[in-house]
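Structure record follows, encoded as C-alpha cells.
Below, chains carry the letters A, B, ... as their sequence lines are ordered, and counting in each starts from 1.
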Amino acid sequence: MNYWLMKSEPDDFSIDNLQMSEQQTVAWQGIRNYQARNYIRDQIALGDVVLFYHSSCKVPAIVGLAKISSDAQIDISAFDNRSPYYDVKSNTNTPRWWQVDIQFMAKFSKPVSLKQLKADLALQDMVLVAKGARLSVQPVTPLQYQHIMQLTILK
DNA sequence: GCCAACGTTGGC
DNA sequence: GCCAACGTTGGC
C-alpha cells in the first residue's frame, strides 16, 4: 500500500465537493501531465491512500484523506471535444490519459498548510516542498505520511 | 496580477 | 536530439 498527494483547486473541486459526491467518490479525470499519468497508470493501486491538497487558493494545504477506489481506467474525457480536458492526440486505439476513482476518507479539522510543511525539517524531501515542484499527482513516503498525520493529531 | 519554475512543442 | 519559444502551474 502506497501513499500519494493529489492537488485540486478548491474553487474547482474541494474536499467538501468530494465528501458530498455520490458514494463520496469521483473519477479523477483531466490529468494531462505525463509523470502524473505514469503514476496513475502504472503505480497507483486500489486501496492506496491520498493526501488531498488544495492548491491555488488562500491557504494552500493538505485538507484531508481519500483512498484509491478503482483500478486505472482510460480517461475518456480526452475524447470529448466539448470537455476542457479534450486532447485531439488521444484516441481509443492509443489512449494517452488515464484516471482512477478516489473516495473520501476524512477531512482534517485543521488543514496542514504548505507553510507548515515547508517549515518542517522532517518534510524537506517531500515532492511538494522541493523547490518548484508542480506535479499534481506525487508520491509520499510512509514516514512523510506518518509525520503529517502526527501534525494533524497534535493540532 | 506577477512571475519563477517547469513542461511541452516544433523547427532545424 | 537540441533548444528556443511558448504555455501552464501555483505561490505570493
Original post:
Closest to the Ser56(A) side chain: dT8(B), dG11(C), dG10(C)?
Top reply: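 The nucleotide sitting nearest to the side chain is dG10(C).
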Original post:
Of all the choices, dG7(B), dC12(C), dG10(C), which nucleotide is nearest to the side chain of Gln35(A) once you look at every atom?
Top reply: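 The closest nucleotide is dG7(B).
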Original post:
Quick one: is Tyr53(A) getting a side-chain N or O under 4.0 Å of the dG11(C) phosphate, OP1 or OP2?
Top reply: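 Yes, Tyr53(A) has a side-chain N/O under 4.0 Å of OP1/OP2 on dG11(C).
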Subject >> Distance test, side-chain N/O of Lys7(A) to OP1/OP2 of dT9(C), below 4.0 Å >> reply: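 Lys7(A) to dT9(C) OP1/OP2: no side-chain N or O under 4.0 Å.
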Between [N] atom [atom2] and [X] atom [atom1], what is the distance in whole Å?
{"X": "Glu9(A)", "N": "dT8(C)", "atom1": "CD", "atom2": "P", "result": "13 Å"}
{"X": "Leu135(A)", "N": "dG10(C)", "atom1": "CG", "atom2": "P", "result": "9 Å"}
{"X": "Asp11(A)", "N": "dT9(C)", "atom1": "CG", "atom2": "P", "result": "15 Å"}
{"X": "Tyr39(A)", "N": "dG7(B)", "atom1": "OH", "atom2": "P", "result": "11 Å"}
{"X": "Ile62(A)", "N": "dG10(C)", "atom1": "CD1", "atom2": "P", "result": "14 Å"}
{"X": "Ile31(A)", "N": "dT8(C)", "atom1": "CD1", "atom2": "C1'", "result": "14 Å"}
{"X": "Gln138(A)", "N": "dC6(B)", "atom1": "CD", "atom2": "P", "result": "13 Å"}
{"X": "Asn38(A)", "N": "dG7(B)", "atom1": "CG", "atom2": "P", "result": "13 Å"}

Original post:
Under 4.0 angstrom, heavy atoms only, what part of the nucleic acid is Lys115(A) near: base, sugar-phosphate, or nothing?
Top reply: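 The answer is nothing, as Lys115(A) stays clear of every strand by at least 4.0 Å.
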Original post:
Within a radius of less than 6.0 Å around CD1 of Ile76(A), do more than 12 heavy atoms belonging to other residues, nucleotides or ligands occur?
Top reply: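 No.
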**OP:** Decide whether Ser77(A) and Arg32(A) meet the rule of one side-chain donor and one side-chain acceptor closer than 3.5 Å.
**Re:**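 Yes - a donor-acceptor pair under 3.5 Å links their side chains.
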**OP:** Determine, stepwise, if the pair Gln43(A) / Asp48(A) fulfils side chain to side chain contact (heavy atoms under 4.5 Å, CB included).
**Re:** CA-CA 10 Å; Gln43(A) 290 191 243; Asp48(A) 283 358; over 6 Å; no
Original post:
Would Trp4(A) and Phe52(A) count as a close aromatic pair, with their ring centres under 6.0 Å?
Top reply: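 Ring centroids of Trp4(A) and Phe52(A) are no less than 6.0 Å from each other.
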